[in-house]
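For reference, the structure discussed in these notes is given below.
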There are 2 protein chains.
Amino acid sequence: MANKSCIIRLSRYRNALMRLKALNFVKVFSENLADAARVTAAQVRKDFSLFGISGNRRGGYLVEELLEQINRVLGKDKLQKFIVVGVGNIGRALLNYPGFKKNEIELVAGFDIDASKHNREAEVPIFLLEELNDFVKDNGIKFGIISVPDFAAQQILELMIQTGIRGILNFAPICLKEPEDCVIRNLNFETELENIIYFTNVTEKTEVR
Amino acid sequence: MANKSCIIRLSRYRNALMRLKALNFVKVFSENLADAARVTAAQVRKDFSLFGISGNRRGGYLVEELLEQINRVLGKDKLQKFIVVGVGNIGRALLNYPGFKKNEIELVAGFDIDASKHNREAEVPIFLLEELNDFVKDNGIKFGIISVPDFAAQQILELMIQTGIRGILNFAPICLKEPEDCVIRNLNFETELENIIYFTNVTEKTEVR
């Protein structure tokens with residue numbers, strides 16, 4: 001069974017492969033992908049074997065074939081649509097993030113309780129929160145992003161789940177509980193920075209000794 | 001030795017403690033923190049014992065004391081200053097993020113090569129990239145955030161390290177290599193979404209069976 005780290009590595013291999021493809025590379029070796037993803041070549045081969053991704057260790061992998069196989073695993077063989085609830089600074093930055101669309105991820109709409117943020121004419125339209133349910137059902141959306149303040153996050157989570165959303169990335173600085181049949185990833189900027197502060201300080205202390 | 005997950009949990013306990021303190025709680029039990037951080041109470045006690053954080057299992061912990069002890073571990077007993085290189089959508093959202101300052105993290109300045117983004121008068125000033133070195137050295141900054149496009153990220157990393165920055169959060173969608181005496185955390189939005197897509201699809205398939 002794949003774990004989170006393994007899927008993160010697959011994403012990184014894929015990222016590297018896309019770049020190599022753009023450079024007209026036809027073949028790639030596990031050592032190349034290892035360098036790009038900052039892991040060992042043995043780890044690359046182990047990850048591939050877990051998903052039945054085949055290649056020739058000596059002869060390398062065909063970039064095109066490998067990309068197709070990884071895309072299938074990551075569900076990137078078709079467009080995956082996300083909606084964003086909370087169009088503040090973070091929500092807006094995500095809606096304008098240029099990296100998603102070329103990679104079969106599309107942020108299709110934003111929702112906010114603040115009527116001044118609505119814009120049905122924008123490239124990615126912003127709707128009223130009351131329109132979320134119909135939009136998600138009409139468009140068969142499975143994925144959502146929460147970027148509302150902490151006090152509103154739990155309520156938005158429940159609302160999203162009622163509409164049928166099953167995978168959620170949460171930017172609100174509160175740890176949301178994962179309901180049984182849903183996937184939630186809590187991403188807290190402050191926690192990320194605290195992690196860096198702690199490990200940088202530890203590294204400095206170790207050097208002094 | 002603490003690992004990344006452990007520090008993430010400490011951040012979460014701290015987050016919960018701040019909220020409890022605001023509600024005038026004096027005491028808290030490991031079970032309370034476990035609920036808030038979505039872990040077991042045994043895990044909470046194990047984490048605390050790893051850092052020599054003491055309390056009375058039956059009598060609970062004093063919120064104020066516990067906060068102080070966690071703050072010391074996380075380096076939050078003093079203000080930690082970050083600079084941001086790349087003031088695009090993500091960089092700007094971070095500079096405007098309200099959650100940091102109250103938690104002893106301050107984003108003190110932004111840097112960008114685009115002169116049209118400069119603003120020395122803003123609450124958080126935006127400077128020319130050429131000013132980075134002097135600013136970091138004059139202000140003794142140890143931490144930085146990279147939010148530039150992927151092709152510029154490696155160069156910005158090297159520049160940051162030359163100035164003396166030792167802890168970096170990277171939002172550019174490329175996996176930067178961690179130099180020996182530095183700490184780098186690569187945070188890729190696309191990878192986060194791919195993770196959610198994968199595990200949501202796996203969960204759905206499991207249910208069908």
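Residue numbers begin at 1 in each chain, while the letters A, B, ... track the order of the sequences.
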Could you check whether any side-chain heavy atom of B/Ile8 comes within less than 4.5 Å of a side-chain heavy atom of A/Glu194, counting everything from C-beta outward? no
Option that, when pairs with chain A are counted at under 4.5 Å, heavy atom only, ranks first among B/Pro173, B/Ala37, B/Gly75: B/Pro173
So which residue, A/Ile174, A/Ile184, A/Leu169, A/Leu74, ends up with the most heavy-atom pairs under 4.5 Å with chain B? A/Leu169
Contact summary for B/Val73 and A/Tyr198, nearest pair of heavy atoms: O-CD1, 3.1 Å
Interface residue of largest heavy-atom contact number with chain A, from B/Asn188, B/Leu10, B/Val183, under 4.5 Å: B/Val183
Tell me, for B/Asn15 versus chain A, whether the close heavy atoms (under 4.5 Å) come from the side chain, the backbone, both or neither. side chain
Does any heavy atom of chain A fall under 4.5 Å from the side chain of B/Ala36, the backbone, both, or neither of them? backbone
Are side-chain heavy atoms of A/Tyr97 and B/Asn89 found at a separation under 4.5 Å? no
Can the ring centres of B/Phe189 and A/Phe171 be said to be less than 6.0 Å apart? yes
Could you look at B/Glu190 and say if it's the side chain, the backbone, both or neither that has a heavy atom under 4.5 Å from chain A? both
Please look at B/Asp150 and chain A and tell me whether the side chain, the backbone, both or neither of the residue comes under 4.5 angstrom of a heavy atom of that chain. side chain
Can you see which heavy atom on A/Leu107 is nearest to which on B/Leu193, and at what distance? CD1-CD1, 4.4 Å
Between OG1 of B/Thr191 and CZ of A/Arg9, what distance do you get to the nearest 0.5 Å? 12.5 Å
With only heavy atoms counted, which part of B/Arg92 is less than 4.5 Å from chain A, the side chain, the backbone, both or neither? neither
Using a cut-off of under 4.5 Å on heavy-atom pairs, state which of A/Ile145, A/Leu95, A/Ile90 scores highest against chain B. A/Ile90
Determine whether A/Asn195 and B/Arg185 satisfy the following criterion, side-chain contact (heavy atoms from CB on, under 4.5 Å), listing intermediate values before the conclusion. CA-CA 9 Å; A/Asn195 236 291; B/Arg185 167 98 168 89; 5.7 Å; no
Other residues, nucleotides, ligands: >12 heavy atoms within 6.0 Å of A/Lys137 NZ: yes
Just wondering, do B/Ile197 and A/Phe82 contact through their side chains at under 4.5 Å, heavy atoms? yes
Do A/Arg38 and B/Glu178 sit within salt-bridge range, that is, some charged N less than 4.0 Å from a carboxylate O? no
Sort out for me which residue in A/Asn201, A/Ile196, A/Thr200 forms a side-chain contact (heavy atoms from CB on, under 4.5 Å) with B/Arg166. A/Thr200
Above 12 or not: heavy atoms from other molecules or residues under 6.0 Å from CD1 of A/Ile113? no
Chain A contact via B/Ile105 - which portion, at a heavy-atom distance below 4.5 Å: side chain
Proximal component of B/Leu187, with respect to chain A [non-hydrogen, under 4.5 Å]: side chain
Counting only heavy atoms from other residues, nucleotides and ligands, does the tally under 6.0 Å from NZ of A/Lys21 exceed 12? no
Please look at B/Leu176 and chain A and tell me whether the side chain, the backbone, both or neither of the residue comes under 4.5 angstrom of a heavy atom of that chain. backbone
Counting heavy-atom pairs closer than 4.5 Å to chain A, which one of B/Asn96, B/Asn186, B/Asp35 comes out on top? B/Asn96
